[in-house]
Number of protein chains: 2
Amino acid sequence: MRQRGRNMQAEVLAALRRCGAPMSAYEVLDQVRDGNPRLAPPTIYRALAALIERGKVHRLESLKAFVACRCERHRHVPIFSICEECGTVEEAVSRDITNELSRIAGQSGFAPARHVIEVHGQCARCESKGAPA
Amino acid sequence: MRQRGRNMQAEVLAALRRCGAPMSAYEVLDQVRDGNPRLAPPTIYRALAALIERGKVHRLESLKAFVACRCERHRHVPIFSICEECGTVEEAVSRDITNELSRIAGQSGFAPARHVIEVHGQCARCESKGAPA
DNA sequence: AGGATTCATGTTATACTGTAACCTTTCTTG
DNA sequence: CAAGAAAGGTTACAGTATAACATGAATCCT
Ligand SMILES: [Zn+2]
Ligand SMILES: [Zn+2]
Ligand SMILES: [Zn+2]
Ligand SMILES: [Zn+2]
């Protein structure tokens, strides 16, 4: 099954890319299940774990959801802007922030290994539409 | 029950402070339940939501857990260092990071409302104990 | 006082998220 | 082919969170 392994990951990644927006694991399951009626949660979670490991997918901790990476850099630190109005998610990268964050954490001798940076708020479109949170 | 409202929040906050480490909602439930055998999840989640609203408690998104605030500033942006070895959590504050983060997000017209910053890694003690992750 | 109101909590039930453990299939290697 | 590795299938469950409605205590108003 060496082949089918990658295929499952590919299907999951394709589903996430088609959607664009963050998806819960079970939404992914529903998408990928289309045609494979026997798909169960562990399969999806395994594929997601592998994709995250490979840097192709990020998990939005504060949303319990997953998105395809849009940066295509290897193992970067993603910074997410999450619109609480429309659900849109933007992914950014800032070496400054990563460094500063490592510096702050390192002041107490802490060795950072993984960063979670998620900013909730309102996107430009929703602001201009005059939807004051 | 105007009084008991605050009391429940106080009990939850006390449990979190006694523990020091992050607790899951259900761990809090078990602690607070001591003597109140009829306590159910919604009560705890409601108290936690109120405490978070009041800035007394933070939720660690990447741990699905809660901690009492140790900064005692009103509505600050907490930065958490989470040791994956021993579970210790440190809370820090950095106006620089907050500003830079707002600047990055704001480049696309995004209006930040809530920041989630959590750094996983290894604390100084665990590093010196020679536990290379 | 007496009734309406409010609000925290109690209560029940359920939805959503995630994983452990074991089995089956396929592919690789010797 | 036998043995082993890797991916996925399958079952079952653990953990996290909330909806919806009932209850009881304080408050407000007349
Ligand atoms: Zn990315
Ligand atoms: Zn928006
Ligand atoms: Zn704090
Ligand atoms: Zn540690």
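Quantities reported herein were computed from a predicted structural model and do not represent experimental measurements. Chain naming here is simple, since letters A, B, ... match the order of the sequence lines and numbering starts at 1 in each.
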Exercise. Quick one: does B:Arg46 reach the base of C:dG10 with a side-chain donor-acceptor pair under 3.5 Å?
Worked result: yes
Problem set entry | Test: B:Glu61 and B:Arg114 ion pair at under 4.0 Å | yes
Problem set entry | Atom pair CZ (B:Phe66) and CE (B:Met23), whose distance is rounded to the nearest 0.5 Å | 11.0 Å
Exercise. Between B:Ile44 (CD1) and D:dA19 (P), how many Å, whole number?
Worked result: 17 Å
Exercise. Taking atom P of C:dA8 as reference, at what distance in whole Å does atom CD of B:Glu53 sit?
Worked result: 12 Å
Exercise. When you check the gap from the basic side-chain N to the acidic O, do B:Glu127 and B:Arg125 get nearer than 4.0 Å?
Worked result: no
Problem set entry | Rounded distance (Å) that lies between atom P of D:dA7 and atom CZ of A:Arg54 | 11 Å
Problem set entry | Residue pair B:His76 / B:Cys69, side-chain heavy-atom distance below 4.5 Å | yes
Problem set entry | Whole-Å distance separating the CG atom of B:Asp30 from the C1' atom of D:dA14 | 14 Å
Exercise. Taking only N and O in the side chain of A:Tyr45, is any of them less than 4.0 Å away from OP1 or OP2 of C:dG18?
Worked result: yes
Exercise. If each of B:Pro41 and B:Lys64 is mapped to the nucleotide of DNA chain C with the nearest heavy atom, which maps nearer the 5' terminus, i.e. the 5' end?
Worked result: B:Pro41
Exercise. Any side-chain N or O of B:Ser24 under 4.0 Å from OP1/OP2 of D:dT16?
Worked result: yes
For this session: For B:Met8 and C:dC7, give me the distance from atom CE to atom C1', rounded to whole Å.
Result: 14 Å
Exercise. For A:Gln9 and A:Arg54, does a side-chain donor sit closer than 3.5 Å to a side-chain acceptor?
Worked result: yes
Problem set entry | A:Glu11 CD - D:dA7 P separation (whole Å) | 15 Å
Problem set entry | Distance test, side-chain N/O of B:Thr43 to OP1/OP2 of C:dG10, below 4.0 Å | yes
Problem set entry | d(CZ, B:Phe66; P, D:dG15) in whole Å | 16 Å
For this session: Starting from P on D:dA6, measure out to CD on A:Gln9 and report it in whole angstrom.
Result: 14 Å
Seminar exercise, completed: Of B:Leu63 and B:Pro42, the one whose nearest nucleotide on DNA chain D sits closer to the 5' end is B:Leu63
